[in-house]
Amino acid sequence: MIFRTHHCAALRDKDIGNRVTLAGWVGSRRDHGGVIFVDLRDREGVTQVVFRPEEQAAVAEAAHGLRDEDVIQVSGKVAKRLEGTENAKLSTGAIEVVADELKILNKADVLPFPLDEQIANEDLRLAHRYLDLRRPGMAQNLRLRHRVIKTVRDVLDADGFWEVETPILSKSTPEGARDFLVPSRLNPGAFYALPQAPQQYKQLLMAAGVEKYFQIARCFRDEDLRADRQPEFTQADIEMSFVTAEDIFALIEKMFVAVFREAWGVEIKTPFPRLTYREAMDRFGSDKPDTRWTQEIVDVGGIFAGTEFKVFRGALDNGGVVRALNAKGLAKITTGQIEELTEMAKQYGAKGLAFIKCENGEWKSPIVKFFTDAEKAALKDRLNIEEGDLVLFGADKLDTVCEVLGRVRLRAVELLGIKHDPQRLDFLWVVDFPLLAWSEEEKKWNAVHHPFTRPKAEDVALLDGDKTGEARAEAYDIVLNGVEIGGGSIRIHEADLQSKMFGILGVDDEQQASMFGHLLKAFKFGAPPHGGIALGLDRLVMLLAHADSIRDVIAFPKNNRGVELMTGSPSVVDFKQLRELYIASTKKA
RNA sequence: GGAGUCUUAGCUCAAUUGGUUAGAGCGCCGCCCUGUCACGGCGGAGGUUGCGGGUUCGAGCCCCGUAGACUCCGCCA
């Protein structure tokens, strides 16, 4: 038996007169008492089927009983639609299939939610995800995701990469995110960890001489969820030997050209602009700047070098900075919104948020009375202050001011109600990240990227002195419209440098041997210089799909609390299962 | 762990200042309807206003608690 001869998006004028068989879901039924129309839907599209009682009484009678989402098989002749009844909204709108046979393959119950409109209740969608995914928008997202991954594979394959799988049951590492653990039945008391990334394995593949590796890799991190964060997510994980960062930039830019050509049919411009981490923080207050809004943070410390205004004076005298952001056109801000911004500023460590509203030709501000005429003139000039502007100030330690004004900048875009062109693509490489960050909590240095990241050659010497924190890494992130969609680095490939790095991070010799001995040993047997990158595929597809959440581009995502609502995972397991694994729960019942 | 927003019919939402029997559209059920494509017409069913407590003559609305969802902070090498 042939289930169908065509998909529901296939038939056109040229098929008129042919007898065809279609199979799919009843999208809608329009029953006129006599003639009945059914929009038959499958993955590819919709075809109108007509049931005519005067031609096929029994078939039309059966069609009266059809309901939304019944699965049916229909045979009949393709006919030109009657003059004036063509539907321009359908690709198949010039024709219809006049049914002479109808087979109901599976009746459907009444649906818990309509498939043809936006549903706000995400719970309900996730609990019936198989229905949600039938909706054309979601199906398009799945198709888009497939096309993107296929393109990534094709580009890498053409460039000589090998796709290599690495273990899912792997080893827990001390740094980074919380691990998901899997108890080992055969090794009582021992645990595998699900990989946060295939990092060490891919470096070991370089030591193995693979030279060009990639993997569409599932990664696991047991941290709290967000709209753009799931506990399991997918990376295009890439590693290459004998390369510099430039080689990796060129490869990834080539890949994005191919991806956007495939997904949107557009030609994106390369090379992408680059910003150093320092520049990104200074100008945008973020290590993943959204440059679609062009207003930048400006240093006004020079203007206020001689100020008597004690807030600015104090910041400058303590070695801090005074910087400002002109939120163009935001003078209309309400008092409540100013308060909200101030609260936000305080949350990020500022003591307050000074501002100037330029309205009705005057500067309304609690602080301008402390400014001299010269300072005001310089400020107006430097920030291009015009009627309708709102200027926001940060005066504090450098890091605090960057962070605060960066957050304020993002919120200002929201408050201004700016709607960016959906086709706008601001790609950006952020380079020269710091290698290390001091953790006040743990009183130790942590790797900003990861412990395998190579220090910049000219900064290696800094590791020994008291300027450890100033050392920069051969690390880079790729940012699209303010979203970090990938990151990587050139790695350390020498055992002694890697060991030194571990030492700085507080991993002693014994721990190094037990946790990273395999890597250090591999480096001693002729590991080539290497580096790589990982792209967050969920986020990339989210941006390509114009979705607000990566949940919309993952077939079966988890909700905010890590629960997959359809199957109900995670779930309590039987005591016997735990016993076999030598596990006991400490959760009080 | 913290902050915010939300929760009213199967779905999307409304309900004036706290005031009569909580409404509408879609969906569903029944009947009618021979060219619709958001088909149309008539009729009908459908509600513990998330849950618990409080204030009040009276609570969907105010207060307290609690649960859940979402967004954000912390966290995410």
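Chain naming here is simple, since letters A, B, ... match the order of the sequence lines and numbering starts at 1 in each.
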- Residue closer to the 5' end of RNA chain B, A:Arg81 versus A:Arg221 (nearest nucleotide): A:Arg81
- Task: Please identify each residue that fulfils side chain to side chain donor-acceptor pair (under 3.5 Å) with A:Gln200, with sequence neighbours left out.
- Result: A:His518
- Query: For the side chain of A:Arg29 and the backbone of A:His64, is there at least one donor-acceptor N/O pair under 3.5 Å apart?
  - Reply: yes
- Determine whether the side chains of A:Gln48 and A:Asn87 contain a donor N or O and an acceptor N or O closer than 3.5 Å. no
- So which nucleotide from B:rC37, B:rC75, B:rU34 ends up closest to the side chain of A:Asp224? B:rC75
- Describe the nucleic acid contact of A:Glu96 in one word from base, sugar-phosphate, nothing, applying a heavy-atom distance below 4.0 Å. base
- Query: Can you check the A:Met344 CE to B:rG74 P distance for me, whole Å?
  - Reply: 12 Å
- Task: Figure out the CZ/P separation between A:Phe37 and B:rA38, and round it to whole Å.
- Result: 13 Å
- Message: If you compare every side-chain N and O of A:Asn560 against the phosphate oxygens of B:rA69 (OP1, OP2), does one of them come in below 4.0 Å?
- Response: no
- Who are the side-chain contact (heavy atoms from CB on, under 4.5 Å) partners of A:Glu564, not counting sequence neighbours? A:Lys558, A:Met566, A:Thr567, A:Ser569
- Write down the distance between CZ (A:Arg29) and P (B:rG27), rounded to a whole number of angstrom. 11 Å
- Message: In whole Å, measure the gap between the C1' atoms of B:rG2 and B:rU20 for me.
- Response: 45 Å
- Same-atom distance (P) from B:rG25 to B:rG40, integer angstrom: 12 Å
- Span that lies between the P atom of B:rG19 and that of B:rC61, in whole angstrom: 11 Å
- Message: Using Watson-Crick or G-U wobble geometry with both distances under 3.5 Å, which nucleotide pairs with B:rA69?
- Response: B:rU5
- Residue pair A:Asp116/A:Asp39 against RNA chain B: nearer the 5' end by closest nucleotide is A:Asp116
- Query: Atom CZ of A:Arg561 and atom C1' of B:rC70: how far apart are they, to the nearest Å?
  - Reply: 13 Å
- Message: For the P atoms, the ones on B:rG44 and on B:rC6, what distance do you get once it is rounded to whole angstrom?
- Response: 36 Å
- Does a side chain donor of either A:Gln512 or A:Asp508 reach within less than 3.5 Å of an acceptor in the other side chain? no
- Query: Quick one: do the A:Glu343 and A:Gln347 side chains pair a donor with an acceptor below 3.5 Å?
  - Reply: no
- Query: What integer distance in Å separates A:His32:NE2 from B:rA38:C1'?
  - Reply: 13 Å
- Query: Quantified in whole Å, what is the P atom distance between nucleotide B:rG53 and nucleotide B:rA45?
  - Reply: 31 Å
- Query: For atom C1', what is the distance between B:rG41 and B:rU34, given to the nearest Å?
  - Reply: 15 Å
- Using a 4.0 Å heavy-atom cut-off, write out nucleotides 6-14 of chain B from 5' to 3' as B (base contacted by protein), S (sugar-phosphate only) or - (no contact). ----SSS--
- Message: Under a 3.5 Å cutoff, is there a donor and acceptor pairing between the side chains of A:Thr166 and A:Gln215?
- Response: yes
- Any-strand Watson-Crick or G-U partner of B:rC57, both distances under 3.5 Å: B:rG19
- With C1' as the reference atom in both, quote the distance from B:rA3 to B:rC39 in angstrom, rounded to an integer. 49 Å
- Task: Name the closest nucleotide to the A:Arg30 side chain, picking from B:rC39, B:rC28, B:rC75.
- Result: B:rC39
- Answer with yes or no whether the side chains of A:Tyr277 and A:Asp477 bring together a donor and an acceptor at under 3.5 Å. no
- Note on the structure: Any strand, both distances under 3.5 Å, Watson-Crick or G-U wobble: B:rG52 pairs with B:rC64
- Item | Nearest-angstrom distance, C1' atom, B:rA24 to B:rU8 | 13 Å
- From CG of A:Leu341 across to C1' of B:rC72 the rounded distance in Å is 15 Å
- Task: For A:Lys346 and B:rC72, give me the distance from atom NZ to atom P, rounded to whole Å.
- Result: 24 Å
- Donor-acceptor side-chain pairing of A:Arg454 and A:His530 below 3.5 angstrom: no
- Message: Applying a 4.0 Å non-hydrogen cut-off, can you work out what A:Gln196 is touching in the nucleic acid: base, sugar-phosphate, or nothing?
- Response: nothing
- G-U wobble or Watson-Crick pairing nucleotide for B:rG30 (cut-off 3.5 Å, both distances): B:rC42
